[in-house]
Amino acid sequence: MSIDIGGRKLTPTGEQPPVAQSALSQVTPAPGTGRLRAAARAVRRGYHPYAFIAPSTLLLIAFGIVPIALALFVSFTDLDLKGLGDHSQVRFVGLENYTRLFDDPLFHRSVLNTVIFVGLGVPGVLVVSLTVALLLNTATTRLFRWLRALFFLPSITNIVAIAVVWGYLYQTDYGLLNQLLSVLHIDAVPWLDDPETSRFSLALMAIWRGSGLNVMIFLAALQAIPTEYYEAAALDGAGRWHRLRYITLPMLRFAIFFVVVTTLIAWLQFFEEPFVLTNGGPLDATTSVSLFIYKTGFNHFEYGYASAGSFVLFLIIIVVTAIQFRSRRAELDA
Amino acid sequence: MTRPATRSRRNERRATALVLLIGGLLFAAPFLWSLSSSFKPRDEVLDVPPSLIPDNATWANFARLVTELEFGRYLGNTLVVVALSFAGLLFNAMAGYGFAKFRFRGRNTLFFTVLATMMIPVQVAMIPTYLLLNEAGLTNTRLGIALPTLVSAFGVFLFRQFMTTVPDSLLEAARLDGASEARIFFRIVLPLCGPILAVQGTLTFIAAWNTFLWPLIIANDQNLYTLSVGLSLLRGQNSSDYGLQMAGAVFMVAPVLVVFIAFQRYVVQGFTTSGLK
């Protein structure tokens, strides 16, 4: 029995026992110096998988796991610009940052704004993307393929470029939207200058941007529905509405769930649109929780306080997602 | 008897196409409007009513991006970030291979950890990641800008899924021939991954080109700004120069548009499987 071959056999295949263990069992019967050499070879073999996974895994841990722990740790301190330069200046303040958050009117405001954005955005994205997908699914001609690409385009376009363009469209005096409205003799709308309107304007832009991706997800799901279902329903005399209501929508249940959860998580983190377009204004009407965190950290340099905000947002996202999954499970069980 | 039915079906399809065309036009309008406006001279861009097609089309706005503003430099910085993220793509492929084709202690735990990082919201990691890079002395460096998004858990996952289909016998044969593990990976495994590399490569380019949050946070020095941060700065500093702003936007969007048209199939496939933005 050649150890060499054994050593080679160990490494790659799926069904074999882990390298470290089997290396030992292979090595034991071999006598003398051959044993040592074989062991060395087995150890070297054992390194390979770690060498392959190390760069990605270490980076993902450094930028995926460590930050959450660090945010929690820093949120109990008063870390600021001074403390950043000299760690001895940093004090532990217990839950002070958290109690301050719950008394901060701007944080309350940002939570409320985020809830409004989610309330506008999630149903908006769902309705627009589902409608477009259902219409696009009616044919597969070249025209429809081009339209599909067109609806997708905003999803891969840089957010700053989008915000710059929409900022011009929304401009009160020269913007295209108000110029079109004036043709219809409708008064100019203060798209970004009025607190109530500006939230709606940002949401509209984000719905435009976010729908295309979900159109693709719905189209993929629609194409997976077996045509036999529709044929059987047609034989039974089911009309278009009934087919939509009793076949299409139930078959899309998972896709709808997926879109709602991912859209919800994305909109809870609503950041770039208000950052570029309104910087949270007017009168903080578009300051989302993420923007609040950004400004606290990078404009006021209160890293401890900002970390507390980050952690609260993290908990909100986890709780909301968990509720979604639970309600889906309840739905499946029913 | 079937004839009226097919005719009504055809009319229906036409109506659907019409509704979609109008919707498509509304979706495309912001792009077309910015393209048109980017070629307008300063006074024409503020015309009431506006001209749909520029009367006196000019490249002046684009020229000013490079001469008066630092868009040439921003472009260079963006390309550095793109190049670095392709190194990240290689790391993803390596990790995918490691998780797919080797058995080793801690594999399942590590793979689960990798997947778990997908659930961490970016905005939550913003402050601590900055603090982390600051401790490492990497703020205000190009590496620091690229590092937080260099590798992607989803990329690792997709590579792993794909590489489990590479037959073990192929790797065995190469090992018996005395090929080193690195050689096997680069000469046998990677060339088999063409389709997934195309998808991931396209997505990597688009994500790196569009990157905004990290350069915004990590780069204080304007010399390190990427295009998106530079464009954001332009909007703040030239708030009423819409022709210039639109030229900046077109400058950013055009390359992605070209890549999208050329690799549409891969882009759509990649985004629908990942469901990521």
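Lettering follows sequence order; numbering is per chain, from 1.
The shortest side-chain heavy-atom distance between A:I53 and B:Y97 does not fall under the 4.5 Å cut-off. In this structure, A:V74 and B:I127 have side chains that are not in contact, with every pair of non-hydrogen atoms separated by 4.5 Å or more. Looking only at side-chain heavy atoms (C-beta outward), A:F298 and B:M126 come within less than 4.5 Å of each other. Using a 4.5 Å cut-off on side-chain heavy atoms (C-beta onward), B:P30 and A:L169 make contact. Contact check for A:R240 versus B:E12: side-chain heavy atoms found under the 4.5 Å cut-off. Here the side chains of B:R107 and A:P49 are not in contact, with every heavy-atom distance at 4.5 Å or above.
Taking all atoms of both residues into account, the shortest heavy-atom contact from A:P67 to B:A125 is CB-CB, 4.0 Å. Nearest heavy-atom pair across A:S56 and B:A95 is CB-CB, 3.6 Å. Scanning all heavy atoms of the two residues, the minimum distance from A:A51 to B:M94 falls at O-CE, 3.9 Å. The heavy-atom pair separating B:Q123 from A:L313 by the smallest distance is CB-CD2, 4.4 Å.
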Walk me through whether B:F102 and A:Y50 qualify under ring pair (Phe, Tyr, Trp, His ring centres under 6.0 Å).
CA-CA 9 Å; B:F102 293 88; A:Y50 295 106; 9.6 Å; no
Applying side-chain contact (heavy atoms from CB on, under 4.5 Å) to A:T57 and B:V114, what does each step give before you reach the verdict?
CA-CA 6 Å; A:T57 309; B:V114 164; 4.1 Å; yes
Start with the C-alpha gap between A:I156 and B:V259, add the side-chain angles, then the distance that decides, and say whether side-chain contact (heavy atoms from CB on, under 4.5 Å) holds.
CA-CA 11 Å; A:I156 53 161; B:V259 168; over 6 Å; no
Between A:Y294 and B:L216, is a side-chain contact (heavy atoms from CB on, under 4.5 Å) present by the stated rule, with each step listed?
CA-CA 11 Å; A:Y294 177 88; B:L216 175 76; 3.7 Å; yes
Please evaluate residues A:H48 and B:K101 with respect to the criterion side-chain contact (heavy atoms from CB on, under 4.5 Å), reporting the C-alpha separation (whole Å), side-chain torsions for both, the decisive distance (0.1 Å), and the verdict.
CA-CA 11 Å; A:H48 285 123; B:K101 285 291 159 190; over 6 Å; no
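Counting heavy-atom pairs closer than 4.5 Å to chain A, the top-ranked of the candidates B:V124, B:T129, B:V19, B:V256 is B:V124. The choice from B:G236, B:A182, B:S228 that makes the most heavy-atom pairs within less than 4.5 Å of chain A is B:S228. Counting heavy-atom pairs under 4.5 Å between each of A:F73, A:Y168, A:F314, A:F63 and chain B puts A:Y168 at the top. Across A:V66, A:N279, A:L59, the residue that shares the most heavy-atom pairs under 4.5 angstrom with chain B is A:L59. Between chain A and the options B:L150, B:I217, B:V156, B:L110, heavy-atom pairs under 4.5 Å are most frequent for B:I217. With chain B as the partner, the residue from A:F311, A:W166, A:W146, A:F275 showing the most heavy-atom pairs under 4.5 Å is A:F275. Note on B:A207, B:G88, B:G106, B:S37: by heavy-atom pairs under 4.5 Å with chain A, the leading option is B:S37. The candidate from A:I65, A:I68, A:L176, A:L150 with the greatest count of non-hydrogen atom pairs under 4.5 Å with chain B is A:L176. The most heavy-atom pairs under 4.5 Å with chain B, out of A:V128, A:T138, A:T296, A:I61, come from A:T138. Note on A:T321, A:V276, A:T141: by heavy-atom pairs under 4.5 Å with chain B, the leading option is A:V276. Ranked by heavy-atom pairs under 4.5 Å with chain A, the list B:G23, B:S169, B:G98, B:G24 is led by B:G24.
Contact of B:L26 with chain A is made through the backbone alone, with heavy-atom distances under 4.5 Å. Neither the backbone nor the side chain of A:L177 comes within contact range of chain B; no heavy atoms are under 4.5 Å apart. In this structure, no portion of A:A54 lies under 4.5 Å from any heavy atom of chain B. For a residue to count as touching a neighbouring chain, one of its non-hydrogen atoms must lie under 4.5 Å from one of that chain's; by this rule B:L147 touches chain A with backbone and side chain alike. Contacts between A:I265 and chain B at a heavy-atom distance below 4.5 Å are absent for every atom of the residue. Only the side chain of B:Y130 comes within less than 4.5 Å of a heavy atom of chain A; its backbone N, CA, C and O stay farther away. Residue contact with chain B, scored on non-hydrogen atoms closer than 4.5 Å, involves the backbone and the side chain of A:L136 alike. B:V45 touches chain A through backbone and side chain together, each having a heavy atom under 4.5 Å away. For chain B, the nearby parts of A:I293 are the backbone and the side chain; heavy atoms of each come within less than 4.5 Å.
B:N134 places no side-chain N or O within 3.5 Å of a backbone atom of A:L84 that could act as its donor or acceptor partner. The backbone N or O of B:N210 sits less than 3.5 Å from a side-chain atom of A:N158, completing a donor-acceptor pair. The main-chain N or O of A:V165 is never found under 3.5 Å from a side-chain atom of B:S34 such that the two would form a donor-acceptor pair. A donor-acceptor pair under 3.5 Å is formed between the side chain of A:Q269 and the backbone N or O of B:V122. With B:R235 contributing its side chain and A:L277 its backbone, the two residues share a donor-acceptor pair below 3.5 Å.
For A:F52 and B:F99, the ring centers sit 6.0 Å or farther from each other. For B:F31 and A:W208, the ring centers sit closer than 6.0 Å to each other. Taking the centre of each ring, B:Y242 and A:Y174 stay at or above the 6.0 Å mark.
Rounded to the nearest 0.5 angstrom, B:F91 CZ and A:L58 CG are separated by 10.5 Å. Note: B:R13 CZ to A:L143 CG = 11.0 Å, rounded to the nearest 0.5 Å. Atoms CG and CD1, from B:L213 and A:I159 in turn, are 12.0 Å apart once rounded to the nearest 0.5 Å. A:L147 contributes atom CG, which lies 11.5 Å from atom CZ of B:F27 (distance to the nearest 0.5 angstrom). Between atom CD1 of residue B:I206 and atom OG of residue A:S155 there is a gap of 10.5 Å, rounded to the nearest 0.5 Å. With values rounded to the nearest 0.5 angstrom, A:Q171 atom CD is found 9.5 Å from B:S239 atom OG.
The environment of CZ in A:F271 is crowded: more than 12 heavy-atom neighbours from other residues, nucleotides or ligands sit within 6.0 Å.
Only one option out of A:T157, A:L153, A:I162 pairs with B:V253 in a side chain to side chain contact (heavy atoms under 4.5 Å, CB included); it is A:T157.
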